[in-house]
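Lettering follows sequence order; numbering is per chain, from 1. Just so it is clear, the values below take in all heavy atoms, side chains as well, and ignore hydrogens, waters and symmetry mates.
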Amino acid sequence: MFERTGLLMNFYTADKALSEAADILYSLTGEELSSMIKFTPGDPKGDVVLPCFSLAKSRKKSPGVISGELANKVSFGSDSLFLKAESVGGYLNFFLNYEKFAEGVVGDFLLMKETYGSLSLGAGKKVVIDYSSPNIAKPFSIGHLRSTNIGASLRNILSFAGYEVIGDNHLGDWGTQFGKLIYAYINWGDREKIEKDPIKELLALYVKFHDEAGLLGDERPEKGNELEESARGYFKRLEEGDPEITALWKWIRDISLKDFQRVYDMLGVSFEEILGESFYNDKMQEIIDLAESCGILEKDTDGSELVRLDKFGIDTPLLLRKKDGASLYATRDLAALLYRERRWAPEKILYVVGEEQRLYFNQLFETANLLGFKSKCEHVSFGLMTLPSEGKFSTRKGNVIFLEDVLKEAHDRVKAFLDGRDLDEEAKNNIADAVGIGAVKYNDLSQNRKKTVAFDWNKMLAMDGNSSPYLQYGYSRARAILRKANFDFSASWNTGVDLLDEERNLINKLSSFHMVVESASAQFYPHLLATWLFELTQIFTAFYTNVKVLASEEPYRQNRLMLIDFYSSVVKRGLALLGISVLEEM
RNA sequence: GCGGUCAUAGCUCAGUGGAUUAGAGCAACUGCCUUCUAAGCAGUGGGUCGGGGGUUCGAGUCCCUCUGGCCGCGCCA
């Protein structure tokens, strides 16, 4: 399973004494054993444990008897990874032979260096990740942070796990919203003002439209609102290629895109492709035709066309064409799916989109099935970010927090923190960027994506405790030692040297890097990695505090420096997977 | 109304296929900078894991139910 890294796992499967005993007594293979065994660092009863409870049922013996029998049968030689095994109430506890273990884990790092922890899990498999996907002409708000962050991080993690990843920014640059905007621009717009501050002016127009149309209240007005009708009319004209409307659309798209790029640059987020919805305008008829030929397209009495999904337990049909013939979100998504299949034939397509669109994606995926698409699609959902006072953000109402403003605020707060430090301006700005933006990202990525998040300045910009600065600080401290020691990065590990608890803990944790990469990439949960990195750094910091490395004697000194190099390399890589950069000094 | 999702310490959250004594961070309190960066470390207090049933030798974790929050439910994306 872990081909090159994960030596620890290999040791488990390869440990002869244990697998022989398990084979003789219970016909268990090494692989089965290695999947049952668990790491319990810090537990005085053992370093590794094999719970025998699941065996109890199939083997019809009590867990205690099984662990006892195994403990009696197994005897470890001097070359084994384990020293001894003890049976405690259904658990078989193992004590590691740390000399061997450390040699193996560090040896693995020396072999792999900066690729330590990478997997070949996804070798030969392609994954398309659809993330960020902001709407053109609307501000890049704090609400887009989650999709952008989570998606970008999954792109890195999956790539590290061996997948070929295509990050695709599916820009919302098509649809009725443009009809609204064009209506607003024609009636109330001022080109010069827009060129000066595009996003804010366009937002003002967008809000004015909804205000004039009476759409700002919680109650939706009765159907057939005049303004909305004319907005749909403008979109229809856009879709039909009306040159005047198209020129207007293109202008709005270009100036917005430039604005977005600024934010992406600040975030350090990039994509393999930026194919907006408009890209699929000439590819939608094929979807309609396909749906028709599959016999699933139904014409409603008012002329709209839809797919019914009742038999899948979804009583809301999926609309593919409006009554005026214009396309919808779903039409374009299906066209995008077809395009992606043809171009990349991906194993999987991930849609990093808010939880509130669950129903929609269920509809979309069922329809895609009916149309015969092969890719496995998955909605990687996340909870909404809300405002503590007003609840949901609403672009229509104009109560948005610009992501750019949050990032600037983050920068400024760090800068203020650095006040009085003996650093030049450039150094301060570098630190403020890495730490400020890192804090914002980490705050988002360190919790389970499914939870809703209430926007909170202080929490988002936290600088201590479980936060990005804490991790970056750990890295900087580690690097400071290596610098002062003039550490030879090609040095080798001294075997036969006894280890302190602090060193063992660090080795324990570092040995499990690939495991967290695996679970984060399998479940699309960046927070597993974030949490692990925090725990790793806590362990490193304890080591840092208690063990004076520069002052220690050889051969301890060289081994300790090597562990520091190991730690800093892993934390640097781990943070990079979260899209967070490190600093040599802070 | 129907469907989805969440509920763990005062606050914000971890808790990976059930398994040895439920963990962090923040906040509060007590200590620690002449020794590799105090954005740090050590310690103290703080939890009937929303309520109630069930499955199991064993449930924060699985099932049912109730309560509460958030989200969604055809021409928006």
Side-chain angles (χ1 to χ4, degrees), chain A residues 35-36 38 40 43 45-46 49 51-54 56 62-63 88-91 93 133 135 138 172 174-177 180 223 228 232 277 300 302-306 313-324 326 328-330 332-333 353-360 362-363 381 383-384 386 391-392 396 414 417-418 435 443 446-448 450-454 456 458-459 462-467 469-470 472-474 476-478 480-485 515-516 518-520 522-523 525 527-528 530-532 534-535 538 541-542 544-552 564 585-586:
Chain A
S35 71
M36 289 166 64
K38 280 181 186 170
T40 55
D43 191 329
K45 291 194 282 296
V49 63
C52 300
F53 304 94
S54 62
S62 84
V88 182
Y91 293 89
N93 293 317
S133 312
N135 289 320
K138 290 192 196 173
W174 208 243
T176 309
Q177 52 178 342
K180 292 177 179 175
K223 280 185 182 174
E228 284 196 294
R232 287 195 201 101
E277 291 188 90
D300 215 355
D302 59 10
S304 59
E305 293 176 77
L306 48 81
I314 303 172
D315 46 16
T316 312
L318 186 67
L319 234 62
L320 291 186
R321 191 124 74 171
K322 300 191 214 175
K323 63 185 174 203
D324 66 3
L328 285 132
Y329 188 38
R332 301 189 281 275
D333 257 340
V353 181
E355 208 274 324
E356 70 275 10
Q357 294 195 37
R358 175 162 303 279
L359 170 64
Y360 167 71
N362 284 342
Q363 294 176 305
S381 66
L384 218 57
T386 59
K392 200 176 169 178
R396 281 183 293 139
V414 179
F417 181 87
L418 293 172
V435 172
N443 173 257
S446 61
Q447 62 183 286
N448 189 317
K450 288 187 178 169
K451 299 218 176 184
T452 58
V453 185
D456 178 336
N458 291 326
K459 205 194 157 214
M463 309 260 285
D464 52 11
N466 186 0
S467 69
Y470 179 82
Q472 290 165 315
Y473 186 55
S476 295
R477 299 217 281 189
I481 295 177
L482 296 175
R483 250 195 331 271
K484 292 191 174 160
M515 295 172 80
V516 76
E518 199 220 351
S519 41
Q523 300 173 76
Y525 274 150
H527 81 279
L528 297 177
T531 303
W532 184 89
F534 175 61
E535 291 163 354
Q538 280 185 309
T541 306
Y544 178 93
T545 307
N546 297 329
V547 183
K548 296 303 163 195
V549 176
L550 291 179
S552 49
I564 293 172
E585 280 178 272
M586 65 182 274

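Contact of the Thr541(A) side chain with the Tyr473(A) side chain is not registered, since no non-hydrogen atoms from C-beta on lie closer than 4.5 Å.
Residue Arg483(A) has no polar side-chain atom (N or O) positioned under 4.0 Å from OP1 or OP2 of U37(B). For Arg321(A), no side-chain nitrogen or oxygen approaches OP1 or OP2 of G74(B) to under 4.0 Å. Dashed line: the shortest gap from a side-chain N or O of Lys450(A) to OP1 or OP2 of C70(B) is not under 4.0 Å.
Rounded to whole Å, the distance from CD on Gln523(A) to C1' on G15(B) is 12 Å. Between the CH2 atom of Trp174(A) and the P atom of C76(B) there is a distance of 16 Å, rounded to whole Å. Between Met515(A) atom CE and G15(B) atom C1' there is a gap of 15 Å when expressed in whole angstrom units. Going from atom NZ of Lys323(A) over to atom C1' of G74(B) covers 11 Å, rounded to whole Å. Regarding Gln363(A), its CD atom lies at a distance of 16 Å from the P atom of G3(B), rounded to whole Å. Look at CG on Asp333(A): it is 9 Å from C1' on A77(B), rounded to the nearest Å. Atoms NE2 (His527(A)) and C1' (C6(B)) sit 14 Å apart, rounded to a whole Å. Atom OH in Tyr544(A) sits roughly 20 Å away from atom P in C32(B) (whole-Å rounding).
You'll find that the side chain of Thr452(A) is closest to C70(B), out of A39(B), G74(B), C70(B). In the set G40(B), A14(B), A77(B), A77(B) carries the atom at the smallest distance from any side-chain atom of Thr176(A). Of all nucleotides listed (U16(B), A77(B), A14(B)), A77(B) comes nearest to the side chain of Tyr360(A). Between C13(B), A77(B), C71(B), one nucleotide has an atom nearer to the side chain of Gln447(A) than all others, and that is C13(B). Considering only side-chain atoms of Tyr470(A), the nucleotide from G25(B), G40(B), C36(B) that sits closest is G40(B). Of the candidates A77(B), C6(B), A39(B), A39(B) carries the atom nearest the Val435(A) side chain, counting heavy atoms from C-beta on. Taking only side-chain atoms of Leu319(A), from C-beta outward, the nucleotide of G40(B), U12(B), G74(B) with the closest atom is G74(B). With A39(B), G15(B), G4(B) as the candidates, the nucleotide lying closest to the side chain of Arg358(A) is G4(B). The Ser476(A) side chain lies nearest to U37(B) when the options are U37(B), C71(B), C6(B). The side chain of Lys484(A) has C36(B) as its nearest neighbour among C36(B), G25(B), U20(B).
Of the two residues near RNA chain B, Pro317(A) and Tyr329(A), the one whose nearest nucleotide lies more 5' is Pro317(A). Looking at which nucleotide of RNA chain B each of Val414(A) and Tyr91(A) is closest to, the 5′-most match is held by Tyr91(A).
Across all strands shown, Arg332(A) has heavy atoms under 4.0 Å from sugar-phosphate atoms exclusively, and none from any base. Within 4.0 Å of Gln357(A), counting heavy atoms only, lies at least one base atom of the nucleic acid. Residue-level contact check: Glu585(A) touches the bases, meaning some heavy atom is under 4.0 Å from a base atom. In this structure, Asn93(A) reaches the bases: a heavy-atom distance under 4.0 Å links it to at least one base atom across the strands shown. No contact: Val516(A) has no heavy atom under 4.0 Å from any strand. Across all strands, Leu328(A) comes closer than 4.0 Å only to sugar-phosphate atoms, never to a base (heavy-atom distances). Nucleic acid contact class of Ser519(A) (heavy atoms, under 4.0 Å, all strands): none. Within the nucleic acid shown, Leu418(A) comes within 4.0 Å of at least one base atom, counting heavy atoms only. When heavy atoms are screened at a 4.0 angstrom cut-off, Leu528(A) is found touching the sugar-phosphate backbone but no base atom. Residue contacts shown for Phe417(A) include a base, since a base heavy atom lies under 4.0 Å away.
The two atoms that bring Asn443(A) and Lys459(A) nearest to each other are ND2-O, 3.3 Å, heavy atoms only. Nearest heavy atom pair, residue Leu328(A) against residue Leu320(A), reads CD1-C, 4.0 Å. Annotation for Val435(A) and Pro469(A): closest pair CG1-CG, 3.6 Å, computed over non-hydrogen atoms. In this structure, Arg232(A) and Thr176(A) approach most closely via the heavy-atom pair CG-CG2, 3.9 Å.
Spacing between G47(B) and A24(B) at atom P, rounded to whole Å, works out to 15 Å. Comparing C62(B) with C49(B), their P atoms are spaced 15 Å from each other, to the whole Å. As rounded to the nearest Å, U65(B) and G46(B) have P atoms that lie 37 Å from one another. For the C1' atoms, the distance linking U20(B) with A27(B) amounts to 32 Å, nearest Å.
Against the 90° criterion about 0, the sugar-base torsion of C33(B) places it in the syn range.
Each of Glu355(A), Arg358(A), Glu356(A), Lys450(A) was scored for a side chain to side chain donor-acceptor pair (under 3.5 Å) with Ser381(A), with one residue passing: Arg358(A).
Between Tyr360(A) and Tyr329(A), the angle of the ring planes stays under 30°, which puts this pair in the parallel group of the 30/60° scheme.
U48(B): no Watson-Crick or G-U partner with both key distances under 3.5 Å is found in any strand. C26(B): Watson-Crick or G-U partner is G10(B), with both key distances under 3.5 Å.
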